[in-house]
Q: 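Attaching a single structure in structure tokens format; questions to follow.
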2 protein chains.
Amino acid sequence: MANDILKLDNQICFPLYAATREMTKRYRPLLDELNLTYPQYLVLLVLWETDRISVKALGERLFLDSGTLTPMLKRMEARGLLKRTRSKQDERVVEVALTEQGKQAETKATQIPLKFLQQTQLDEEDFIQLKRILAKMLDQIEES
Amino acid sequence: MANDILKLDNQICFPLYAATREMTKRYRPLLDELNLTYPQYLVLLVLWETDRISVKALGERLFLDSGTLTPMLKRMEARGLLKRTRSKQDERVVEVALTEQGKQAETKATQIPLKFLQQTQLDEEDFIQLKRILAKMLDQIEES
DNA sequence: ACCAATTAAATTGCGTGCAATTTAATTGTA
DNA sequence: TACAATTAAATTGCACGCAATTTAATTGGT
């Protein structure tokens with residue numbers, strides 16, 4: 001090839017893309033026990049921190065829009081994990097809140113990050129660097 | 001919350017997941033000019049390096065299986081970018097090769113990584129670190 | 001108070017990803 | 001040489017992601 005700039009191994013986005021999918025693949029067996037997909041697990045992570053949150057705020061937190069969230073939240077509601085309610089103050093807003101079942105899932109979920117980290121042999125230093133760089137990237141994106 | 005281990009900001013996989021999607025979002029306007037999706041662009045990157053490759057080998061390179069690749073390659077074939085041919089030596093194998101149009105797209109594509117890097121203000125050091133850590137992660141995954 | 005502009009979700013449509021299964025070809029072994 | 005085991009793609013089915021549009025509610029300016 002004329003110039004190496006188009007070589008797969010010289011791209012930054014490809015390893016990011018590939019690593020993300022391989023990571024979520026490692027989560028899958030852990031999440032299967034809770035009958036959750038990875039994005040659904042992320043929704044629960046947010047709700048365990050902040051129960052009762054609007055779809056919009058949830059979307060801002062996870063960088064997802066209503067086109068993704070609405071059907072996903074409906075599936076989670078059908079499973080009895082959460083409740084979707086129109087806000088009384090502003091009828092445009094839908095608020096999401098955990099059910100008892102959704103709250104109880106947190107206990108089980110505590111095992112997941114631990115088990116996950118056990119099989120990820122990144123040393124402490126790389127782990128910290130990776131988080132720092134990704135956080136920087138996401139900051140820049142939020143600003144722009 | 002009882003323990004911080006479930007906090008979204010303490011997860012490593014979430015920023016990876018979010019950053020990947022934000023990065024591909026930045027590619028989109030660039031790829032729109034070539035009428036390509038990001039995964040399709042990845043397929044072309046491989047083919048520009050190695051024209052004529054089996055679906056299996058392509059999948060190993062991109063960490064994708066036939067369930068994803070077959071319909072995607074068919075769409076790309078319909079667009080006239082590549083040709084899918086059953087191997088004569090082994091009829092199970094389908095080989096993918098660029099058409100003239102697919103080859104010519106490389107010239108246009110050269111602009112893409114440059115334009116992309118211009119809007120990604122990661123400093124050199126972070127960029128190198130990120131690539132190194134992601135490569136390490138992917139190596140570990142391939143081994144296991 | 002009117003009404004255009006804005007905003008939040010929902011909807012539509014399409015392209016991935018991927019597990020699981022199926023189909024067809026090849027290989028290894030008795 | 002049969003034929004079970006393996007292998008490569010294709011197929012099926014479901015859950016995202018996201019652009020674009022629509023619907024319904026609210027806000028802001030006159």
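Proteins come first, then strands; the chains are lettered A, B, ... in the order of their sequence lines, and each starts at number 1. Atom set for the values below is all heavy atoms of this structure, side chains included, hydrogens, waters and symmetry mates excluded. What you are looking at is a predicted structure, and each value in this text was computed from that prediction instead of being measured.
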Q: Please report, rounded to the nearest Å, how far the C1' atom of C:dA10 is from the CD atom of A:Glu77.
A: 14 Å
Q: Expressed as a whole number of angstroms, how long is the span from A:Leu73:CG to D:dA15:C1'?
A: 13 Å
Q: Nearest whole angstrom, please: distance from the P of D:dC16 to the NZ of A:Lys74.
A: 14 Å
Q: Will you find, in the side chains of A:Gln89 and A:Ser87, an N or O donor that is under 3.5 Å from an N or O acceptor?
A: yes
Q: Taking protein heavy atoms under 4.0 Å as touching, what does nucleotides 19-28 of chain D look like 5' to 3' if B marks base contact, S marks sugar-phosphate-only contact and - marks none?
A: B-----BS--
Q: Send over the distance from A:Met72 CE to C:dA9 C1', rounded to a whole Å.
A: 15 Å
Q: Quick one: B:Tyr17 OH to D:dC18 C1', roughly how many Å, whole number?
A: 11 Å
Q: Could you state the atom-to-atom distance from CG of A:Leu31 to P of C:dA19 in whole Å?
A: 13 Å
Q: Sequence neighbours excluded, which residues qualify as salt bridge (charged side-chain N to carboxylate O under 4.0 Å, His left out) partners of A:Glu33?
A: none
Q: Which residues pass the side-chain contact (heavy atoms from CB on, under 4.5 Å) test with B:Arg61, not counting sequence neighbours?
A: A:Leu8, A:Asp9, B:Val46, B:Glu49
Q: Just how far, in rounded Å, is C1' of D:dC18 from CZ of B:Arg21?
A: 10 Å
Q: Would you indicate, yes or no, if C:dA9 has its OP1 or OP2 atom less than 4.0 angstrom from a side-chain nitrogen or oxygen of A:Arg86?
A: no
Q: Let's go through B:Met23 and A:Met137 carefully: what are the C-alpha distance in whole Å and the side-chain angles of both, what is the deciding distance for side chain to side chain contact (heavy atoms under 4.5 Å, CB included) to 0.1 Å, and is it a yes or a no?
A: CA-CA 9 Å; B:Met23 295 269 275; A:Met137 287 176 56; 3.4 Å; yes
Q: How far does CD1 of B:Ile5 sit from CG of A:Leu45, to the nearest 0.5 angstrom?
A: 11.0 Å
Q: Measure from the side-chain heavy atoms of A:Thr37 and tell me the nearest of D:dG17, C:dA10, D:dA15.
A: D:dA15
Q: Reading DNA chain D from 5' onward, which residue's closest nucleotide shows up sooner: A:Pro39 or B:Arg84?
A: B:Arg84
Q: So which pairs with a foot in residues 12-21 of chain B pass side chain to side chain donor-acceptor pair (under 3.5 Å), sequence neighbours left out?
A: A:Thr20-B:Thr20
Q: Angle between ring planes, B:Tyr38 versus B:Tyr27, binned at 30° and 60°: parallel, tilted or perpendicular?
A: tilted
Q: Which parts of residues 50-64 of chain B get close to DNA chain D, meaning a heavy atom less than 4.0 angstrom away?
A: B:Ser54, B:Val55, B:Lys56
Q: Determine whether B:Glu95 and B:Arg52 satisfy the following criterion, salt bridge (Lys or Arg N to Asp or Glu O under 4.0 Å), listing intermediate values before the conclusion.
A: CA-CA 6 Å; B:Glu95 282 176 338; B:Arg52 183 162 292 280; 2.9 Å; yes
Q: Can you list the residues that meet the side-chain contact (heavy atoms from CB on, under 4.5 Å) rule with B:Ser66, with sequence neighbours excluded?
A: B:Thr70
Q: Roughly how many Å is it from CG in B:Leu69 to C1' in C:dT16, rounded to a whole number?
A: 10 Å
